Amino acid sequence: MLEVRELRKSFGNNEVIKGIDLDVNDGEVVAVIGPSGSGKTTMLRCISFLEKADHGMIRLDEHQSDIVTISKKQIHEMRMHMGFVFQAFNLFANKTALGNVMAPLTIARRMNTDRAREMAMGLLKKVGMDQRARYYPGQLSGGQQQRVAIARALASGPSVVLFDEPTSALDPELTGEVLDVMKQLAAEGTTMVVVTHEMQFAREAANKVVFMDNGVIWEQGEAGAFFEQPKTERALQFLRKQ
Amino acid sequence: MQILLQSFTKILIPGIKVTIPLTLASFALGFAIALFLALVQVARVPVLSKFARIYIWIFRGTPLLVQLFIIFFGLPSVGIILDAFPSAVIAFGMNLGAYNAEVLRSAIQAVPVGQSEAAALIGMSYPQTMIHIVLPQAFPIAFPPLFNSLIGLVKDTSLASSITVIELFTTAQQIAARTFEPFALYCEAAVIYLMICTLLTWLQAWLEKKMVWRTPEDQLTG
Ligand SMILES: Nc1ncnc2c1ncn2[C@@H]1O[C@H](COP(=O)(O)OP(=O)(O)OP(=O)(O)O)[C@@H](O)[C@H]1O
Ligand SMILES: [Mg+2]
């Protein structure tokens, strides 16, 4: 379970996140949608401490902390229970697909190599990349890289996986393979927060939709109901443009 | 002609026995210093990063020959007496450290920030991120300029002759003085330096080819 309260973040004078509350229950798939520049990426980066927020509280399962005064140790603790999938994949260029998925286990968790390799191969199989275990990122297509990145994010057995537009950097014909993997994870009950422009995916796979604009969450609720009948004019306008 | 042939091995041998170890030892020391100076700057370690800036400022802003003289002829007057060879290694190493610190720093900064962010998010500490992700990717970027400085160093070691190190150039000087054939002997010394540098250039090209992250096609399956 992930809970965020009163999250605020400014870049200089530009307030980008204006007091956001977010609740993600176990097994839920939350789609975060909204126009470009509305602060979706910034929100995920604050939740994962890549960006230092100005105000807020975060809770992940039994770990809870003020998001500003949180210690390095607590950040590490929380990150061990989070997965993060970047728009640009960010696979380690100097490691093979297998090496990338093993890294969270062998380097960050100091697991022994044999067990880590076995677990990592299992995860690569899950995303359909076990045949490519020995390829380096430079030898893989974007869609394949993103599937490996998803396997890497799952390696530590996270309570929640955060996705920042996982298919936006892909050629249209490659988005399907990544979305299929994500749908499969959703069906298995993986807790996910997915920032996306793929309305089709949000409709099909999400339980809940969060609509953001201009640093504010205007609506959050059950996905079916949201797409059927958004409550705010902004959301309606946004959906019309899709 | 006779002199050239006779002196060839006489110059070549100290070339191999002194110039090459001097180059390698100086380069190793220089690399260690450079890595230290680069890392404290990238990590913004409070006092040390300031120290690194000052160090680089001084060693890049003064002539190598002067540094060599300070260490060999100057330090004894404050009670530090070093042999010629270690003096040369220290002077070359410290000088190279300053130049290569900038090479390494810019190479580290050229590794996309997404790589360290991904590492941090999977729970790697800062040192782990550096060791396993950033430095391995920075090294191939730094490699060509580092190798350039190695080739430059081979030639700069001839300056050690001025502090009594008997290396390739010193030997050529001695024979030239004895035989009154400076033109032939200095040209010969130049040729030997050229040979060493040519070998290094080949080595560089070969190593650069090895430094790509690709699994060969025939090993990809299985
Ligand atoms: N590092 C930064 N420094 C300054 N301003 C920033 C920074 N990162 C983001 N911003 C600003 O914050 C606002 C929100 O950006 P953000 O990337 O979170 O939007 P987004 O909703 O993810 O947009 P998109 O759909 O295009 O990805 C934008 O106005 C952006 O210019
Ligand atoms: Mg974004």
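For clarity, every value in this text was computed on a predicted model and none was experimentally measured. For the numbers below, each heavy atom of this structure counts, side chains included, while hydrogens, waters and symmetry mates do not.
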Original post:
Regarding A:Thr42 and A:Glu51, is there a side-chain donor-to-acceptor distance under 3.5 Å anywhere?
Top reply: no
**OP:** Can you check whether anything in residues 103-124 of chain B gets within less than 4.5 Å of chain A, heavy-atom wise, and list it by number?
**Re:** B:Gly114, B:Gln115, B:Glu117, B:Ala118, B:Ala119, B:Ala120, B:Leu121, B:Ile122, B:Gly123, B:Met124
Original post:
Think A:Lys9 forms a cation-pi with A:Phe11, using NZ or CZ under 6.0 Å from the six-ring centre and within 45 degrees of its axis?
Top reply: yes
Subject >> Distance, nearest 0.5 Å, that separates NE2 of A:His81 from OG of A:Ser156 >> reply: 8.0 Å
**OP:** Give a yes or no on whether A:Arg115 atom CZ has more than 12 heavy-atom contacts from other residues, nucleotides or ligands under 6.0 Å away.
**Re:** no
Original post:
Are there more than 12 heavy atoms of other residues, nucleotides or ligands under 6.0 Å from atom NZ of B:Lys50?
Top reply: no
Original post:
chain B: which of A:Pro137, A:Ala153, A:Pro104 shares the most heavy-atom pairs with it under 4.5 Å?
Top reply: A:Pro104
Original post:
Say you draw a straight line from CZ of B:Phe59 to CG of B:Leu37; how long is it, rounded to the nearest 0.5 Å?
Top reply: 10.0 Å
Subject >> Side chain, backbone, both or neither of A:Lys95 within contact of chain B (heavy atoms, under 4.5 Å) >> reply: side chain
**OP:** Before giving the answer on salt bridge (charged side-chain N to carboxylate O under 4.0 Å, His left out), spell out for A:Arg79 and A:Glu77 the whole-Å C-alpha distance, their side-chain angles and the decisive distance to 0.1 Å.
**Re:** CA-CA 6 Å; A:Arg79 279 178 172 168; A:Glu77 191 58 48; over 6 Å; no
**OP:** Anything in residues 78-98 of chain B with a heavy-atom distance to chain A below 4.5 Å? Please list those residues in order.
**Re:** none
Subject >> For chain B, the option from A:Gly83, A:Ala93, A:Pro158 that forms the most heavy-atom pairs under 4.5 Å >> reply: A:Ala93
Original post:
Is it true that atom CD of A:Gln64 has more than 12 heavy atoms of other residues, nucleotides or ligands lying nearer than 6.0 Å?
Top reply: yes
Original post:
Which bit of A:Leu50 comes within less than 4.5 Å of chain B, counting heavy atoms only: side chain, backbone, both or neither?
Top reply: side chain
**OP:** Determine whether more than 12 heavy atoms belonging to other residues, nucleotides or ligands lie under 6.0 Å from atom NZ of A:Lys125.
**Re:** no
Original post:
What is the ring orientation for A:Phe86 with A:Phe84, classed by angle as parallel under 30°, tilted 30 to 60°, or perpendicular over 60°?
Top reply: tilted
Original post:
Which bit of A:Ala133 comes within less than 4.5 Å of chain B, counting heavy atoms only: side chain, backbone, both or neither?
Top reply: neither
**OP:** Could you look at A:Arg109 and say if it's the side chain, the backbone, both or neither that has a heavy atom under 4.5 Å from chain B?
**Re:** neither
**OP:** Can you label the angle between the B:Phe31 ring and the B:Phe139 ring as parallel, tilted or perpendicular, going by 30° and 60°?
**Re:** perpendicular
Original post:
At a heavy-atom separation under 4.5 Å, does A:Ile75 approach chain B through its side chain, its backbone, both, or neither?
Top reply: neither
Original post:
Does a donor on one side chain and an acceptor on the other come within less than 3.5 Å for B:Gln137 and A:Asn94?
Top reply: yes
**OP:** Could you point out which residue of A:Val210, A:Asp164, A:Ile217 forms a side-chain contact (heavy atoms from CB on, under 4.5 Å) with A:Val32?
**Re:** A:Val210
